[in-house]
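Here the structure is laid out as structure tokens; the discussion comes afterwards.
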Amino acid sequence: MQQRIADEFDRRILRELQADARLPNNELAERIGLSPSPCLRRVRRLEETGVIRGYTALVDPAAFGWTMVALATIRLGRQNEDEIVMFEDAVRGWDEVLECHLVTGSRDYILKVAAGDLRQYESFIKQKIARLKCVASIETSFVMNTIKERR
């Protein structure tokens, strides 16, 4: 059961948890201006209704030796179910792919890909993406600087 955010308290809870998901309930309650019990009830409701989908650790890609990020746009040969399933199943198994989005327009997918350097990215393209028979074309843009990133 998906629910919308109820009010400004919910928004404050979400902002604080996005900044630090390990925040203890007592501190969270203090920061948003509620007592601990109503704060905890709100957090649980946000979790149960799917507004909060989960918690994760954000890991620095450089810890894996990934110092560059590329945005690859992919066009499939045909947009039939077999090719879509083939592509999406392959992408789910590639650690280098940080995000994959099905998009509208002249391209079918946008991938956010991490690599150590240009040689590693080239290897990823040649050894993984280009070997998929369903891929008709690949275009890449390299991220020079991230201005804003939000989770």
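Residues Ala115 and Gln120 approach most closely at C-OE1, 3.6 Å, considering heavy atoms. Nearest approach of Gly33 to Phe9, heavy atoms of both residues: O-CE2, 3.9 Å. Considering all non-hydrogen atoms of both residues, Val135 and Ile138 come closest at CG1-CG1, 3.8 Å. Cys100 and Val91 make their closest contact through CB-CG1, 3.7 Å (heavy atoms, listed as atom of the first residue, atom of the second, distance). Between Thr140 and Ala70, the shortest heavy-atom distance links the atoms CG2-CB, 3.8 Å. The two residues Pro36 and Asn25 come nearest to each other via the heavy atoms O-ND2, 3.0 Å.
Remark: Asp108 pairs with Gln79 by the side chain to side chain donor-acceptor pair (under 3.5 Å) rule, at least two apart or across chains. Every residue was checked against the salt bridge (Lys or Arg N to Asp or Glu O under 4.0 Å) condition with Glu47, not counting sequence neighbours, and none meets it. Listed by chain and number, the residues in a side chain to side chain donor-acceptor pair (under 3.5 Å) with Arg22 amount to none (sequence neighbours excluded).
Between Ile129 and Leu111 there is a side-chain heavy-atom pair separated by less than 4.5 Å. With contacts defined as side-chain heavy-atom distances shorter than 4.5 Å, the pair Asp20/Glu27 does not qualify. Residues Asp95 and Trp66 are in side-chain contact: their nearest non-hydrogen atoms beyond the backbone lie under 4.5 Å apart. For the pair Arg107/Ser137, a side-chain contact is recorded, criterion being any heavy-atom separation below 4.5 Å from C-beta on. Using a 4.5 Å cut-off on side-chain heavy atoms (C-beta onward), Lys128 and Glu96 make contact.
Sorted by first and then second residue, the pairs that involve residues 5-14 and meet side-chain hydrogen bond (donor to acceptor under 3.5 Å, both in side chains), not counting sequence neighbours, are Asp7-Arg42, Glu8-Arg15, Asp10-Arg42, Asp10-Arg45. Screening residues 80-93 for side-chain hydrogen bond (donor to acceptor under 3.5 Å, both in side chains) gives Arg78-Glu83, Glu88-Tyr109, Asp89-Arg92 as the qualifying pairs, with residues at least two apart or on separate chains.
Between the OG1 atom of Thr56 and the CG atom of Leu58 there is a distance of 6.5 Å, given to the nearest 0.5 Å. The CG atom of Leu40 sits 11.5 Å away from the CG atom of Leu34 when rounded to the nearest 0.5 Å. Here the straight-line distance linking atom CD1 of Ile13 with atom CD1 of Ile32 works out to 3.5 Å at 0.5 Å rounding. Note: Glu139 CD to Arg75 CZ = 9.0 Å, rounded to the nearest 0.5 Å. Rounding to the nearest 0.5 Å places CG of Leu46 at 7.5 Å from CD1 of Ile5.
Residues Leu118 and Leu71 do not share a hydrophobic cluster, clusters being chains of Ile/Leu/Val/Met/Phe/Trp/Tyr side chains in contact below 4.5 Å. Leu102 and Val85 are not part of a single hydrophobic cluster, where members link through side-chain heavy atoms under 4.5 Å apart. Each of Val143 and Ile74 belongs to its own hydrophobic cluster when Ile, Leu, Val, Met, Phe, Trp and Tyr are linked at side-chain heavy-atom distances under 4.5 angstrom.
Residue Gln18 places its CD atom among more than 12 non-hydrogen atoms of other residues, nucleotides or ligands, all under 6.0 Å distant. Atom CZ of Phe142 has more than 12 heavy atoms from other residues, nucleotides or ligands within 6.0 Å.
Listed by chain and number, the hydrophobic cluster partners of Ile110 are Val103, where partners are ILVMFWY side chains within reach of under 4.5 Å, directly or through others.
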Tell me, with the steps shown, if Tyr55 and Leu17 meet side chain to side chain contact (heavy atoms under 4.5 Å, CB included). CA-CA 9 Å; Tyr55 299 91; Leu17 290 177; 4.1 Å; yes

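The aromatic rings of Tyr121 and Phe124 sit tilted, their planes meeting at an angle between 30° and 60°.
Checked for salt-bridge contact, Lys126 and Glu122 meet the test: a charged N lies under 4.0 Å from a carboxylate O.
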